[in-house]
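Notes follow once the structure below has been shown.
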There are 2 protein chains.
Amino acid sequence: MDSIDLRLIDLLRENARSSYAELARKVGLSAPAVHERVGKLEAAGTIRGYRADVDHEALGLGVTALIGIIEDSGADTDDVLAAVRAMPEVESCYFMAGVESYQLIVRVGTIAELEQLIVRINRTPGVASTRTAIALSTKWENRPQPGLG
Amino acid sequence: MDSIDLRLIDLLRENARSSYAELARKVGLSAPAVHERVGKLEAAGTIRGYRADVDHEALGLGVTALIGIIEDSGADTDDVLAAVRAMPEVESCYFMAGVESYQLIVRVGTIAELEQLIVRINRTPGVASTRTAIALSTKWENRPQPGLG
DNA sequence: CTGACTCATGGACTCCATCGACCTCCGGCT
DNA sequence: AGCCGGAGGTCGATGGAGTCCATGAGTCAG
């Protein structure tokens with residue numbers, strides 16, 4: 001993991017569809033060398049995958065919200081987690097320090113759907129209560145933090 | 001925007017480095033047809049870009065936290081936003097309904113760095129106070145929600 | 001029926017991905 | 001010192017992919 005690897009990671013976070021040839025030109029190596037380095041980064045799990053970044057509004061998922069979950073005192077955390085995992089609207093899920101065990105980032109089409117989702121979460125066994133905050137607008141998301149390569 | 005477009009988007013959210021030929025096989029079109037469709041989705045802004053999904057821990061950014069910002073009553077929201085935008089640690093930024101005007105997702109290497117970041121945010125003009133919650137673990141992040149294509 | 005439009009196909013040409021062969025540097029061993 | 005072996009690079013070849021373009025099928029309005 002040297003500075004060339006870091007630059008490759010930065011370049012792929014900027015544009016994951018760059019060709020190996022293009023990456024090679026930018027870092028000053030040959031295409032096969034870049035190919036091998038990227039392959040090793042993938043194998044090591046440093047690069048987990050490549051995702052298209054979409055406009056959720058255009059896909060009918062214009063409502064973003066943060067939902068904090070407070071569990072019952074005797075709740076089985078894994079059961080709550082599994083229930084939440086089964087809900088496709090939950091885009092991200094963090095296990096938190098603090099009263100709210102989980103923090104979810106959810107994406108739905110309408111406020112009505114958000115309401116239904118909240119009801120469903122509140123109904124799942126182990127969940128004592130939830131706290132929801134709605135995002136009025138997304139200033140930016142998943143902005144890559146440049147490495148020092 | 002038909003069901004084939006939705007499937008292409010799903011496929012690219014799964015693996016943004018799929019070749020056009022592979023996408024073509026999966027959706028049952030020719031490669032040039034897929035090329036044109038994807039190009040149109042990009043031009044329309046439905047696909048905003050392609051990002052490598054990295055293991056932040058491996059890059060020395062193992063600490064994730066959510067920070068809510070409460071603004072001064074007379075604060076200029078744009079100034080606060082610009083100040084936050086200039087901090088590379090802030091990966092995502094949402095403008096929220098509720099007392100906390102902004103919700104940030106930040107990524108740093110150590111708790112000490114998080115402390116410094118919080119201090120810096122609290123010092124910026126227009127910020128009255130902040131509330132920070134630390135993620136102990138990330139269950140999942142940016143999970144693509146499948147379209148109905 | 002006809003013309004215009006949309007959208008997919010197939011061919012052609014260029015460029016890329018990827019494999020194998022070889023080269024170079026470096027650390028450890030005889 | 002000289003040799004060996006591995007890591008990691010370049011180069012060249014080739015099969016396949018990307019992409020441009022001309023063409024053809026299907027659809028709707030007039």
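By convention in this document, chain letters (A, B, ...) are assigned in the order of the sequence lines, proteins followed by strands, and residues within each chain are numbered from 1.
- To the nearest angstrom, P of D/dG8 lies 10 Å from CG of A/Asp2.
- Nucleotides of DNA chain D nearest to A/Glu36 and B/Ala31 differ in position, and the one nearer the 5' end is that of A/Glu36.
- Residue A/His35 has no polar side-chain atom (N or O) positioned under 4.0 Å from OP1 or OP2 of C/dA17.
- Judged by closest nucleotide on DNA chain C, B/Pro32 is the one of A/Pro32 and B/Pro32 placed further toward the 5' end.
- The side chain of A/Lys40 lies closest to D/dG8, out of D/dG8, C/dC16, C/dT9.
- Between A/Leu23 atom CG and C/dT18 atom P the separation is 12 Å, expressed in whole Å.
- For the atom pair CZ (A/Arg131) and CG (A/Leu66), the distance works out to 8.5 Å, reported to the nearest 0.5 Å.
- We find that A/Lys26 and A/Asp10 are not joined by a salt bridge, their nearest charged nitrogen and carboxylate oxygen being 4.0 Å or further apart.
- Salt-bridge annotation for A/Arg107 and A/Glu89: absent, with no side-chain N of the basic residue lying under 4.0 Å from a carboxylate O of the acidic one.
- Taking atom CD of B/Glu42 as the reference point, atom C1' of D/dG18 lies 13 Å away to the nearest angstrom.
- Checking D/dA17, C/dC16, D/dG9 against the side-chain heavy atoms of A/Arg25 singles out C/dC16 as nearest.
- In the set D/dG9, C/dA17, C/dC19, the nucleotide with an atom closest to the side chain of A/Tyr20 is C/dA17.
- Spacing between atom CG of B/Leu8 and atom C1' of C/dA8 amounts to 14 Å, rounded to whole angstrom units.
- Listed candidates were D/dT10, C/dC16, C/dA8. Nearest to the side chain of B/Arg37 is C/dA8.
- The interatomic distance linking A/Ile4 (CD1) with D/dG8 (P) rounds to 12 Å, in whole Å.
- Note on B/Ser19: only backbone sugar-phosphate atoms sit closer than 4.0 angstrom, heavy atoms only; bases stay farther off.
- Minimum atom distance to the side chain of B/Ala21 is reached by D/dG18, of the listed D/dG18, D/dG9, D/dC20.
- Remark: B/Glu141 CD to B/Thr64 OG1 distance equals 6.0 Å, nearest 0.5 Å.
- One atom, CG of B/Leu41, and another, P of C/dC7, lie 12 Å apart when rounded to the nearest Å.
- Remark: C1' of D/dG18 and CZ of B/Arg17 are 14 Å apart, rounded to the nearest angstrom.
- Here B/Arg85 does not pair with B/Asp78 in a salt bridge; the nearest charged N to carboxylate O distance is not below 4.0 Å.
- Going from atom CD of B/Glu22 over to atom P of D/dG15 covers 21 Å, rounded to whole Å.
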